[in-house]
Each structure stands twice: as C-alpha cells, then as structure tokens.
**Q** 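Below is one structure. I have some questions about it.
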Amino acid sequence: MEFTSTKTSAFSFDDPALRKNLLEHHIDGVSFFDDECLLNSVECIINHDRADNVDEIDPGQEAKKIISGPNSLPDNLPYLLHQITCVLNCQCSKEGDSNKTSLEILQLLTNYTWEDKIVIILASFVVEYGQYCLFAKLEKSNQLTNLVALLKKIPDHTDDVYENMKSSFEAIMGALRVSIKVTRFIAKFRTSFRAKYMANEAKVMIEARNHIPIAVYWMTRLVVACASHYSVIVGNTTEISYTETRSITKLEEKITEIHTSFEKQFDECNIHIEEKKRIRYVEKLKVVLNQNITHMGNLSVLQTILKRKKDESRLVSCEGDKKVDVEVLKGKTVLLLISGLKITEEEITKIGTFYRERSREKAQYEIVWVPIVEKMSEDDEKTFNDWKCKMPWHAIEHPKYVKPGLVKYAREEWRYSEKSIMVSIDHRGKVVHEDSYSMMCTWGNAAFPFSRTREEEQWKTLREWSLKFMVQQTTQKMSEWVKENKYICLFGGDDYEWIKKFVNEAKRVAGEAKIELQMVYIYKKNTREDHMTQITQTLSSTGVEVWEKSTSINFWKRIECLLYSKFHQGVKESERHPFLREAMNMLALGDHDKGWGLISQGEGAGLKKIAKANGDMILKAFEGYSSWSSSETTLDFTTGLHDHLARLARDFPHHCNRLTIPGIEDILGTMLCGECNQPMEKFIMYRCCVE
C-alpha cells in the first residue's frame, strides 16, 4: 500500500481490497455536528496569511459562528483532536508506515460519517499549525508567550527564519486546500440532491458513494504526509520519516484527480436529476393537457407552462419589456409561438400583421413567444433581445426560464424541431392544434380560433387550385391584376442569361398572341444579396415587377404552409390530393437551379388554367409557339400552353427535379413529379447553403 514518488498512472477508485478494509472499520450514521462550521474554521486558519483572503475571510467571525449554537461541535472534539495529533506526532518521530497510520487514525473515528472523519482529521493538523503561527505573531513582551515560544523554538514572525518557513508552510497549505475542495464535494453529495429526483439506488449516486471512502483515505494520507513534513520544518526531527514527506506534490496531484472525478460525478448527478425533472414535468403536462377540462379555464394549463415557480410569473410584454401576470391570458385563445433564435424577420412581420389586425377582425387571441435556446452566447443574448423588441405580443422573459420539461414535451408531443410552430390552446385550456402557424400563414385571422376543426372548414371552402389562392397576401397590385382578369406571368431563377432570354421570349410570344402580359419576378427563398442586386439590375429596364425579398419569402413560406396544413390533416400522398400535388410542384420549381415560369389569367381557377414548367421546358414551348398557336382558336392561351408543356414532358422525358421541404420528417407517401407525373424517388437532404 506504500505510495512511492515514482510516476504513476492516472488515479483510479478501483481498489476493492482497500475499500473492504475501510468499510470494516466504519459504521454508517448521521452527522453528529455542524461539520460545515468546523470546515470553515479549518479553511480560515489555512488562509490566514493569504493577502487575497484577508478581506473575505475573518477567522474571528467564523469562530463566533461555531460557538453560536449548543450543538455546533461535539463535546469530545478536543479529545479527538488530541488523539489524532498524538498519533501524527508519534509516527513523525520515528520511521513509520503512512498507510498504517492513516488507517489507525480513521479507526479512531469509526462512528462518524466520512465527511465528519476528514473534517476532524484536517482540524487536528491545522490546530497545530495555527498554534505555531499564533505564537510566532504574538508580542514577545508577554513573559509566558516568550517562554513557550522559546521552549518550542518558535521564531518571531519578523524573523528571517520564520519568513523562510512560510514558503514551506504554503506548500503544505496548498495541498490541504485541495482536500477542502474535495470535502465540500462529499458534503454536496449528501445535501444537494432531493430524494424524489435522486434515489439512493441511482447508478450515478451509488458510484459516487462508493468513491467517498477511498477519497477520505487518500486525504488522510495527505494529512499524514503534511504532518511529517511539518515536523521537519519546525525542527522537531532531523530526518524525513515517510516517503510522503518527499511526495506531497504527488499526493496533491492524486487528490486533484479525485476532485476532478467528483466534479464529473456531480455533473452526472445533476444531469440525472434534470432528466428526472423533465420526465416528471412531461408526465404532469400530459395529465394537465389531457384531462377533461370542459368546466375549467385555460389558466391552470398556462400557469403550468409559463410559471417558473409558484406565484412567480416569467411573462413579459415585449413592447416595453414589462412583466405581466399570466392572468392577462385568462379566457382567451393563446398561441404559443415556439421557436429558436433562427426565427426570421419575415415571420415576425407576417405574424405581427395578423396580430395587430385581430381586434378589427374579431379574433380574440394572444401570442406568447417561447424561445428555445440550448446554450446562450453573448451574440445569442443580443439576437434574443433584438427579436423580442420587434414582437408586439408576449414572451417568456428569457430562454433560461423555459422549463426543460416543456422543451422535451414540445419535441416529443408537438414535434418541434427547428421550424417555428404555434401551439393553439383554447379558452378552456385544451390544445386544439399542435401547429396552427400554417393556418395563420394560409388564411390569416380567418382561421381563428386556430383549431383543427376550423382548419377542415377552411379547406372545404376551396374547390380548386388557383392563381388567386397562390398570390393571396402578396401585393395590392397583384390583387388588382387578378380582379381585372389580366394575364400574369410569375417567374424566378438565378441564371442571369436565362432571365434575359425568358423575358424577351415571353414578351415576343405575348405580342404574337396579342395578349398583355404582366410579369413578376420572385426571388428564391435563400437568394444572396449580391444575386438580388444583379437580378434587379438585369430587369431594371424590362418593365418587369420585382417583388421585394420579404414578399418573395412570404410567397414561398405560404406555399410551404399549405403542405404543412394538409399533412396535419393526415394527407400524405400527393396523387391523392391536387392541392398537395400543386403545392409540392411549385416548391420544386422554385428550387430549380436555372429558372422556372408560370402563366395564368385572372383567378386562374382550375389546373389547366395555370401553365408552368422549369426554365428549359418553358423556353422550348415559347420557341415552338407557332406549332401550337393554332390551338388558340379553340383554347385560351394558358390552356394551350399547358397542353403543349404536357406534350413536351412526354416527348422529352429526361429531366431532374428536386424538392427540399424543411421541418417535415414524416412524408411517408408518394410524391409525383410536376412535369412527367411519375413517382419521385425519396431522399433525406441535410443542406447548408447560402444560395
């Protein structure tokens, strides 16, 4: 068992023989005294000469704390300290076995807890050290002090001999400070974890408990080594009695490894507890949200979700950043906007438009932002505050106040990932839609009260896919064109040469067909700023209207929301629902590398009233206009173009379309290609792309 000064491998708690020996002389029990007060005093004595601790630690005040209560210290503490000191002094005066000495000391404290044992052992040594320092610093004008100091060979604190000793003392005290840190961790394992979250049978707690005896043993070995080294410093003996005397640094490294291990175990215990708390909260939330609440209001549900502690609201009004009580939401439909910091300004603006108009449209609801952020950096703090200032609704005061259990519930039950969702809770406290955000984007406040029932009603009002439906919530000019039954051309793409050619060909064909064509360019969802500038310059002299970035983003976002809304209704396969198929086809076109084009007239109601294709295909149709223009005698322009594009898709089958739909992980059904109407192969795409 002897510890040597040779380089050893990393410390391990795996020593069954030692653990068995230690446990044979230990009786489990409760702490007999306030070991925290005694440990504070030990620390004060050790730090007494440290300039950086003078202001923060007052030994006199700590002493008052110890004697403030009748049960602070055990009655036999002086006797215990004397016993341990005798063992240390006896072994320091002759060649000894540090392992045997350590076990002998621990056997003196059989009936004490492991925490009590090491605190008393530390105290027994620092009392000796403290007495030495005290006599060195007392005025030698007192005859008794002078005589005792003379007999014990204690130099005056102003003496060079005492100054030389201080550096040696500091090496010992530095090692003991590490032991104090470990001792505080042992206390934390006993006091920091509530039984309902951390059962004694928990694996992490069993492991920590098993390591404590080994830790106490090695800290005792360190005290023995420090005592031996101390005896040499003060001149009680002329030779080093133990190997430990030459190896305090090695022992300190061992105790430091123990401290690191306890830190890791303590963190694991906290992780275990947090997971237990999340599980308990999720179970509680399930009960609250699934109970029969037809006779109750929404307040109990909202308090469970939004309050951090009893009677403590963490809700703020974003405008003015003032705390408000959850009571302001009582009896109203509440939409929980759950998102990370990647929520966009376009989303906030769009939702804000509907929110500000809710009273005029008799939609009585409130919105609460629930920000989900795993770890907050300084940049995240700024982003969070910037977003909050732009929101006209309510929010949880800070992401740190969002309960981890709520995040777990949102991910598992409401299927929140990175895409913003809006959970609708009605005035009774019932969740009526797990993501009503798509409803709001599609129908605005007409979707109030944002329930599944209302969503089904809204879909029933739509008889067929139309251009009018697609371009809702875009621009006033677009609404006028639709109302005036104008021919409208929507197009997009990042290839500048293709854009020029498309505009020229579209105008040429419109001229030959003798129709007035209103052309609108729509940016891709993630077009870079430099591309936008170049595209604007390319189209500046063509008379083409270029939608702003926000309008373009909202256009694509609304079509995405159409998909989400249909998926909420359980519709998975595109061939079974024309709206789902058309929405997917539009998104596939918008994702095309070169470009795309769409032409319709007025409302464009009906699938043949909308002609659309990718860039190459629609240009080919324009170039061959003469071959299908005769059909206009019986068909209108858009129907003729639609039929010709269908023929081209059959005659030129080679093409490659792709579709990227963020936030949908459960598309189990079949997707049909918008050009050839054949089933598309399904892949999962992870994409990080700025253009």
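Note that these values count all heavy atoms, side chains included, but never hydrogens, waters or copies made by symmetry. The residues of the chain are indexed from 1 along the displayed sequence.
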**Q** Looking at NZ of Lys612 and CG of Leu589, how far apart are the two atoms once the value is rounded to the nearest 0.5 Å?
**A** 7.0 Å
**Q** Ring centroids only, cut at 6.0 angstrom: are Phe502 and Trp596 within range, meaning strictly under it?
**A** no
**Q** Kindly say whether Tyr496 contributes a backbone atom to a donor-acceptor pair with the side chain of Gln534 at under 3.5 angstrom?
**A** no
**Q** Look only at the side chain of Asn504 and the backbone of Lys500, and say whether a donor-acceptor pair between them is shorter than 3.5 Å.
**A** yes
**Q** Would you say His394 and Val328 make side-chain contact, with heavy atoms under 4.5 Å?
**A** yes
**Q** Do other residues, nucleotides or ligands put more than 12 heavy atoms under 6.0 Å from Lys388 NZ?
**A** yes
**Q** Any side-chain donor paired with an acceptor under 3.5 Å for Ser377 and Asp380?
**A** yes
**Q** Could you go step by step and tell me if Tyr355 and Glu366 meet the side-chain contact (heavy atoms from CB on, under 4.5 Å) rule?
**A** CA-CA 8 Å; Tyr355 181 76; Glu366 289 293 340; 2.6 Å; yes
**Q** Can you find a side-chain donor-acceptor pair between Glu346 and Thr349 that sits under 3.5 Å?
**A** no
**Q** Is the charged tip of Arg558 near the ring of Phe469: under 6.0 Å from the six-membered ring centre and within 45° of its axis?
**A** yes
**Q** Counting C-beta onward and ignoring hydrogens, is there a side-chain heavy-atom pair between Val471 and Trp481 closer than 4.5 Å?
**A** no
**Q** Once you round to the nearest 0.5 Å, how far does CD1 of Ile421 lie from CD1 of Ile372?
**A** 8.5 Å
**Q** Could you go through the side-chain hydrogen bond (donor to acceptor under 3.5 Å, both in side chains) check for Glu381 and His398 one step at a time?
**A** CA-CA 9 Å; Glu381 288 283 354; His398 191 276; 3.0 Å; yes
**Q** Return the minimal non-hydrogen interatomic distance between Val326 and Leu315, and the atom names on each side.
**A** CA-CD2, 4.2 Å
**Q** Looking at Lys501, I want to see if its NZ is surrounded by more than 12 non-hydrogen atoms of other residues, nucleotides or ligands under 6.0 Å.
**A** no
**Q** Closer than 3.5 angstrom, by distance alone: can the side chain of Ser627 be matched with the main-chain N or O of Gly624 as a donor-acceptor pair?
**A** yes
**Q** Tell me, do Lys408 and Glu413 make a side-chain contact under 4.5 Å, heavy atoms counted?
**A** no
**Q** Check for me whether Lys286 meets the cation-pi criterion with Tyr281, that is, NZ or CZ under 6.0 Å from the six-membered ring centre and within 45 degrees of the ring axis.
**A** no
**Q** Keeping Ser436 on the side-chain end and Met422 on the backbone end, is there a donor-acceptor pair under 3.5 Å?
**A** yes
**Q** Is any side-chain heavy atom of Ile488 closer than 4.5 Å to a side-chain heavy atom of Leu467?
**A** yes
**Q** Quick check: do Val520 and Met478 have side-chain heavy atoms less than 4.5 Å from each other?
**A** yes
**Q** Answer yes or no: is there a donor N or O on one side and an acceptor on the other, between the side chain of Lys403 and the main chain of Thr304, under 3.5 Å?
**A** yes
**Q** Check the angle between the aromatic planes of Trp498 and Phe491 and answer parallel, tilted or perpendicular using the 30° and 60° thresholds.
**A** tilted
**Q** Show, in sequence, the C-alpha distance, side-chain angles and deciding distance for Val373 and Met376, and conclude whether the side-chain contact (heavy atoms from CB on, under 4.5 Å) test is met.
**A** CA-CA 7 Å; Val373 187; Met376 289 286 283; 3.3 Å; yes
**Q** Do the side chain of Trp414 and the main chain of Tyr409 share a donor and acceptor less than 3.5 angstrom apart?
**A** no
**Q** Taking 4.0 angstrom as the limit, do Glu457 and Lys460 come out as a salt bridge?
**A** no
**Q** Mind checking whether Val423 and Asp435 have side chains closer than 4.5 Å, heavy atoms only?
**A** no
**Q** Any Lys/Arg nitrogen of Lys486 or Glu480 sitting under 4.0 Å from an Asp/Glu carboxylate oxygen of the other?
**A** no
**Q** For atom CD of Glu412, is the number of surrounding heavy atoms from other residues, nucleotides or ligands below 6.0 Å larger than 12?
**A** yes
**Q** Could you report the tightest heavy-atom contact between Leu648 and Met617, atom names first, then the distance?
**A** CB-SD, 3.5 Å
**Q** Just by distance, do the side chain of Trp465 and the backbone of Arg581 share a donor-acceptor pair under 3.5 Å?
**A** no
**Q** Would you say the ring centroid of Tyr625 lies under 6.0 angstrom from that of His644?
**A** no
**Q** For residues Leu563 and Ala583, report the shortest heavy-atom separation together with the two atoms involved.
**A** CD1-CB, 2.9 Å
**Q** Ignoring hydrogens and geometry, is there a side-chain-to-backbone donor-acceptor pair from Tyr521 to Gly493 under 3.5 Å?
**A** yes
**Q** Between Phe450 and Tyr437, does the ring centre distance come in under 6.0 Å?
**A** no
**Q** Looking at every non-hydrogen atom in both residues, tell me the closest pair between Met391 and Cys318 and how far apart they are.
**A** O-CB, 3.0 Å
**Q** Donor-acceptor check, side chain of Ser451 to backbone of Arg454, threshold 3.5 angstrom: yes or no?
**A** yes
**Q** Output yes when Lys609 and Glu603 qualify as a salt bridge under the 4.0 Å nitrogen-oxygen rule, no when they do not.
**A** no
**Q** Output the distance between atom SG (Cys389) and atom CZ (Phe384), rounded to the nearest 0.5 Å.
**A** 9.5 Å
**Q** Quick check: closest heavy atoms across Ser552 and Trp547, and the distance to 0.1 Å?
**A** OG-CB, 3.7 Å
**Q** Decide whether Glu456 and Gln458 meet the rule of one side-chain donor and one side-chain acceptor closer than 3.5 Å.
**A** no
**Q** Distance check, rounded to the nearest 0.5 Å: His433 atom NE2 versus Ile425 atom CD1?
**A** 13.5 Å
**Q** Where do Lys477 and Glu545 come nearest, in terms of heavy atoms and distance?
**A** CD-OE1, 3.1 Å
**Q** Run the salt-bridge test on Arg508 and Glu623 with the 4.0 Å N-O cut-off and return the result as yes or no.
**A** no
**Q** Less than 4.5 Å apart, any side-chain heavy atom of Leu619 and any of Glu505?
**A** yes
**Q** Go through the side-chain N and O atoms of Ser565 and Trp459 and say whether any donor and acceptor fall under 3.5 Å apart.
**A** yes
**Q** So Ile305 and Leu285, side-chain contact (heavy atoms from CB on, under 4.5 Å) or not? Walk me through it.
**A** CA-CA 8 Å; Ile305 292 173; Leu285 209 52; 3.9 Å; yes
**Q** From Met470 CE over to Leu490 CG, what is the distance, rounded to the nearest 0.5 angstrom?
**A** 6.5 Å
**Q** Is the count of non-hydrogen atoms from other residues, nucleotides or ligands lying under 6.0 Å from Glu516 atom CD greater than 12?
**A** no
**Q** From Ile351 CD1 over to Ile367 CD1, what is the distance, rounded to the nearest 0.5 angstrom?
**A** 6.0 Å
**Q** For Val503 and Val544, run side-chain contact (heavy atoms from CB on, under 4.5 Å): C-alpha distance rounded to whole Å, both residues' side-chain angles, the deciding distance at 0.1 Å, then the answer.
**A** CA-CA 8 Å; Val503 172; Val544 172; 4.1 Å; yes
**Q** For a 4.5 angstrom cut-off between non-hydrogen side-chain atoms, does Lys525 reach Glu560?
**A** yes
**Q** Using the ring of Tyr416 (Phe, Tyr or Trp, six-membered ring only), decide whether Arg411 places NZ or CZ under 6.0 Å from its centre and within 45 degrees of its axis.
**A** no
**Q** Taking the six-membered ring for Trp, is the centroid-to-centroid distance between Trp393 and Tyr365 below 6.0 Å?
**A** no
**Q** side-chain hydrogen bond (donor to acceptor under 3.5 Å, both in side chains) between Asp636 and Thr638: does it pass, once the steps are laid out?
**A** CA-CA 6 Å; Asp636 61 77; Thr638 52; 2.7 Å; yes
**Q** Which residues satisfy the side-chain hydrogen bond (donor to acceptor under 3.5 Å, both in side chains) test with Lys382, sequence neighbours excluded?
**A** Asp386
**Q** Checking side-chain polar atoms at under 3.5 Å, does Thr536 have a donor or acceptor matched by the opposite partner on Tyr523?
**A** yes
